[in-house]
Amino acid sequence: GFLGATVMLAIQSGVARGVFSNESGLGSAPIAAAAAKTDSCVKQGLISMTGTFFDTIIICTMTGLTLVLTGVWSGETSGAAMTTLAFEQGLSPLIGQYVITLGLVFFAFTTILGWNYYGERCVQYLFGQRGIKPYKYFYILLVAGGAFLQLDLIWILADIVNGLMAIPNLIGLIGLRHVVIAETRLFFDKLTLEQQTV
């Protein structure tokens with residue numbers, strides 16, 4: 001039972017943090033991808049996949065290896081403090097601290113901008129142009145209010161909202177799987193035909 005609970009908690013936490021990190025399966029990144037000017041939905045999908053690759057394979061792997069190689073993962077710190085300590089030990093106290101601080105600033109700022117854009121597009125779709133201004137005021141209040149909440153509560157709220165967003169998106173993906181497969185095959189068949197004629 002203890003082993004099962006440990007594995008369950010590890011998978012649950014890993015999936016939750018992974019979804020929050022790269023947004024795979026949530027349906028939020030396609031909102032930005034839909035604004036791209038392209039003739040091929042498959043080509044845009046392939047380009048969008050690079051975001052998950054860079055975030056998960058490059059950044060998260062680099063961070064995980066740093067935590068393991070420096071040995072701070074077995075200490076008492078957690079979260080950003082643990083990552084900062086690992087980079088301070090791996091690089092130098094001065095450089096490591098600034099690398100993590102700069103990374104967190106960019107991560108937080110781009111996350112705030114990105115989620116604002118996603119929400120804005122959704123509000124425009126649901127309520128039209130008149131709903132955007134009230135949404136912006138509400139969003140600013142939420143961002144400002146987030147500074148007064150405990151970090152654990154923010155993670156719980158983020159997990160709940162991400163789960164609520166993933167459910168209809170995954171249902172839509174299952175329902176549209178035949179269309180996705182057909183479009184992908186058509187794209188690669190056309191690409192192969194073009195390469196053979198050249």
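Connection of Met49 to Phe188 is established within a shared hydrophobic cluster, with ILVMFWY side chains joined at heavy-atom distances below 4.5 Å, either directly or through further cluster members. Under a hydrophobic-cluster definition in which Ile, Leu, Val, Met, Phe, Trp and Tyr are linked whenever side-chain heavy atoms come within less than 4.5 Å, directly or via other members, Ile132 and Ile140 are assigned to different clusters. Under the 4.5 Å side-chain heavy-atom criterion for Ile, Leu, Val, Met, Phe, Trp and Tyr, Leu149 and Val143 are members of distinct hydrophobic clusters. Note on Met165: it clusters hydrophobically with Val123, by side-chain heavy-atom contacts below 4.5 Å among ILVMFWY residues.
The structure places OG1 of Thr184 at 7.5 Å from CG of Leu46, a figure rounded to the nearest 0.5 Å. With values rounded to the nearest 0.5 angstrom, Glu76 atom CD is found 11.5 Å from Leu85 atom CG. The CZ atom of Phe107 lies 14.0 Å from the CG atom of Leu102; values are rounded to the nearest 0.5 Å. Rounded to the nearest 0.5 angstrom, Thr84 OG1 and Gln89 CD are separated by 11.5 Å. To the nearest 0.5 Å, atoms CD1 (Ile95) and CD (Glu88) are separated by 11.0 Å. Taking CZ from Arg121 and CD1 from Ile31, the interatomic distance works out to 9.5 Å, rounded to the nearest 0.5 Å.
Applying the 6.0 Å contact sphere to OH of Tyr117 captures more than 12 heavy atoms from other residues, nucleotides or ligands.
Contact record, Thr70 with Leu67: OG1-O, 3.5 Å, taken as the closest heavy-atom pair. Contact detail for Trp73 and Val68: the closest heavy-atom pair is CD1-CA, 3.6 Å. In terms of heavy atoms, Ala86 sits closest to Val72 at CB-CG2, 3.4 Å. Taking all atoms of both residues into account, the shortest heavy-atom contact from Ala36 to Gln44 is CB-OE1, 3.3 Å. For Gly119 against Tyr135, the heavy-atom pair with the smallest separation is CA-OH, 3.3 Å.
Residues Tyr118 and Trp115 form a side-chain contact, since some pair of their non-hydrogen atoms from C-beta on lies under 4.5 Å apart. Residues Tyr139 and Ile112 have side chains in contact (heavy-atom distance under 4.5 Å, counting atoms from C-beta outward). For the pair Ile160/Ile156, a side-chain contact is recorded, criterion being any heavy-atom separation below 4.5 Å from C-beta on. Residues Glu120 and Gln124 are not in side-chain contact: their nearest non-hydrogen atoms beyond the backbone lie 4.5 Å or more apart. Side-chain contact check for Phe53 versus Ile58: some heavy-atom pair is nearer than 4.5 Å.
For the pairing with Arg177, the side-chain contact (heavy atoms from CB on, under 4.5 Å) check across Val180, Leu173, Ile174 returns one residue only, Ile174.
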